[in-house]
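Every number for a ligand or one of its atoms is a count from 1 in the order of the listing. Residue numbers count from 1 along this sequence. Worth knowing before you read on, the calculation uses all heavy atoms, side chains too, and leaves out hydrogens, waters and symmetry mates.
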Amino acid sequence: TPTTEIPNIELTYDDLEETDVFAGLELSASSDIDVPPNLIDQVIGQEHAVEVIRKAAVQRRHVMMIGTPGTGKSMLAKAMAELLPKEELQDIMVYPNPEDNNNPIIRTVPAGRGKQIVNAHKVEARKKIQMRSTLVMLLIIGIIGYAIITYQWLLGIIAAAFVFMALKYSMPREEAMVPKLLISHDSNTMAPFIDATGSHAGALLGDVRHDPFQSGGLETPSHDRVEGGAIHRAHGGVLFIDEINTLTPHSQQNLLTALQEGTFPITGQSERSSGAMVRTEPVPCRFVMIAAGNLDAIQGMHPALRSRIRGYGYEVYMRETMEDTQENRKKFLRFIAQEVKNDGKIPHFDRSAMIEVLREARRRSNRKGHLTLKLRDMGGLIRVAGDLARQEGTEFTSVKHVLAAKSASRSIEDQISDEYIRRSRDYDLAVVEGTRVGRVNGLAVMGSDSGSVLPVMAEWTPRQGEDGTVVATGMLQDIAKESIMNVSAFIKKFTGKDVREMDIHVQFIGTYGGVEGDSASVTVATAVISAIENIPVRQDVAMTGSLSVRGDVLPIGGVTYKIEAAAKAGIKTVIIPRSNLDDVLIEDRYREMVEILPVDHIKEVLQNALVPENREGFISKLRKMAVNPTGIFDPN
Ligand code: ADP
């Protein structure tokens, strides 16, 4: 049996009580909570971002928001549009240019006037056309009358046809002189909020449509083919672009020009279209830009564009969690009320349901004493729970609906992971009992909320080349190499063997998504030591943790999901970094299934995972070893 010198820790699961959530609040359901009318006041947990948006709205500054999806970036951008003054809005019109057909004229008028002007022009044109057709009708009647009287039939018909043709072709000419309303506003709407995420060049910068006829009186006049882009529609308001790095460099360059000039002429975006010949006068596009994305958005972004935003605006990092305080829980309750109200179809949440949502928010935060701010997902959960309640026809959504929603609205990764566990059982890929040499059950996280058991196998041979190598596939090479380097000192001390004298092969079994960060380094180190020393590893143990060069086990992410995955797979003991102990928020049903073993040092991992059999020597060495205050082992 393995040596378990560390006493098992009684994990304390601090549960949410009614009093924690509703202290001092007199409410029986989320319908009793007031929802503020302004969007900016509905944002929770991102106080710093709210402050920046308020400031930026007054001064019309650009903002870059970096952070995880679903934390409220587009919501804040919309809120900013609400805050911008609407007096400054303008309508933009295109007029034909009699001097140069390919260079339509651009004019701006105060918001609301554009429609009136265009209507006036249309009425005018119609009047002219009517007058002309009346005149022509009279002429034709006259000609026909003359022909009847004088019997000159042929002349009559030719003359009538001639007059008719003249009329037909002069009509479109009149209509062609009517200006086109490019961008229009109602005089009392709020400043525009334009989401240009993922737009191609034409949609972003405006375009001139192709004209298939181009001549012969059938052509559409060029000013009529001009279409405004998102940057023009955002004139006077907010242009929001999420995943800013996915815009082509060309579009980013043009966006920068638009930002600098405050105007951008519209031209046909496709080279071979007749639209490419047309280029309007500069079209105003003074907007506030809100660029968003996750961290790699910064890398993919045009440096000049980024520096423009930074020089003339703010950069904000969105929070992923907020502290689990009384005040924040109250805000979270308001969030539930908001989501229910905004959905408009689902029943409000009763007290039990609200507590359960808060519990889930704690769990998803992945951090002790915090609530998640990935609120789009939480909103999804609220809507699914509400739908279930509505199906049942109950007055309120209650705890059972929230629980059912939790199991119904699992992420794709979580479902894949379950399927994978099921399948690997069929093929005996998952070994969760007995012992094996050089095989260790590690733990990984897929997506953001789904754990999986990730076995690691190791084998070694005397080195073939000048130096020993570490062989692993793909991106795992780096992780494997690093964890082996980190434990090489340790290995040398306790096995007397030098990893540089060996070729070490490491395999991560059944991984298709890769392993994140270095949370597999404890696993790799254990597998390698087991292989080198030929000591079997307990297979009912799974482990996760990062390693320092001194063998300290350092904290990792996603510990809750990893433990749950281990429990589902049938693992009995999970070794985790002690510093992660506070992040463990596993669901009730898993608590009985696994024992959690917090450790500080790789030596404790080995003591618990390796099975001595007839290898007393190594294990007794391990047992004797003590960590001195500097953290360096004394093998004697
Ligand atoms: P992002 O743009 O960061 O991906 P969104 O702003 O589109 O996220 O958020 C989606 C929805 O989630 C919002 O419409 C809102 O209902 C909810 N939500 C997200 N973050 C917050 C927040 N901080 N406060 C209140 N609701 C939020």
Q46: numbered ligand 1 atoms lying under 4.0 Å from its heavy atoms:
23 (N)
Mark yes or no: R351 above the aromatic ring of F22, with NZ or CZ under 6.0 Å from the six-membered ring centre and no more than 45 degrees from the axis.
yes
Tell me: protein heavy atom nearest atom 1 (P) of ligand 1, and distance?
G70 N, 3.4 Å
Given the options T397, V340, V402, I382 meets side-chain contact (heavy atoms from CB on, under 4.5 Å) only with V340
Under 4.0 Å to a heavy atom of F335 - the qualifying atoms of ligand 1, by number
25 (C), 26 (N)
Look only at interatomic distance and state if M75 has a nitrogen or oxygen under 3.5 Å from any nitrogen or oxygen of ligand 1.
yes
Flag, side chain of T197 to backbone of D242, donor-acceptor distance under 3.5 Å
yes
Enumerate the atoms of ligand 1 whose separation from the nearest heavy atom of Q42 is less than 4.0 angstrom.
24 (N), 25 (C)
Decide whether the shortest distance between a heavy atom of V43 and an atom of ligand 1 is less than 4.0 Å.
yes
Between E323 and H370, do the side chains contain a donor N or O and an acceptor N or O under 3.5 Å apart?
no
Closest non-hydrogen atom pair between D91 and K115, with its separation
OD2-N, 4.2 Å
Charged N to carboxylate O under 4.0 angstrom, E339 versus R376?
no
Which protein heavy atom lies closest to atom 21 (C) of ligand 1, and at what distance to 0.1 Å?
L375 CD1, 3.5 Å
If you measure from each non-hydrogen atom of E339 to ligand 1, which part falls under 4.0 Å: side chain, backbone, both or neither?
side chain
Which atoms of ligand 1 sit under 4.0 Å from any heavy atom of I44?
22 (C), 23 (N), 24 (N), 25 (C)
Using a strict cut-off of less than 4.0 Å between a Lys/Arg side-chain nitrogen and an Asp/Glu carboxylate oxygen, indicate whether K331 and E47 qualify as a salt bridge.
yes
Pick whichever of R376, K73, R383 has a heavy atom sitting closest to atom 4 (O) of ligand 1.
R376
Heavy atoms of the protein only: does one fall short of 4.0 Å from atom 14 (O) of ligand 1?
no
Nearest heavy atom to atom 5 (P) of ligand 1, choosing from G67, G45, A49, S74, belongs to S74
Tell me, please: is G379 in heavy-atom contact with ligand 1, that is, under 4.0 Å?
no
For R209, check salt bridge (charged side-chain N to carboxylate O under 4.0 Å, His left out) against everything at least two apart and list the hits.
E227
Does P69 have a heavy atom less than 4.0 Å from any atom of ligand 1?
yes
SB check E327 K330 (cutoff 4.0 Å)
no
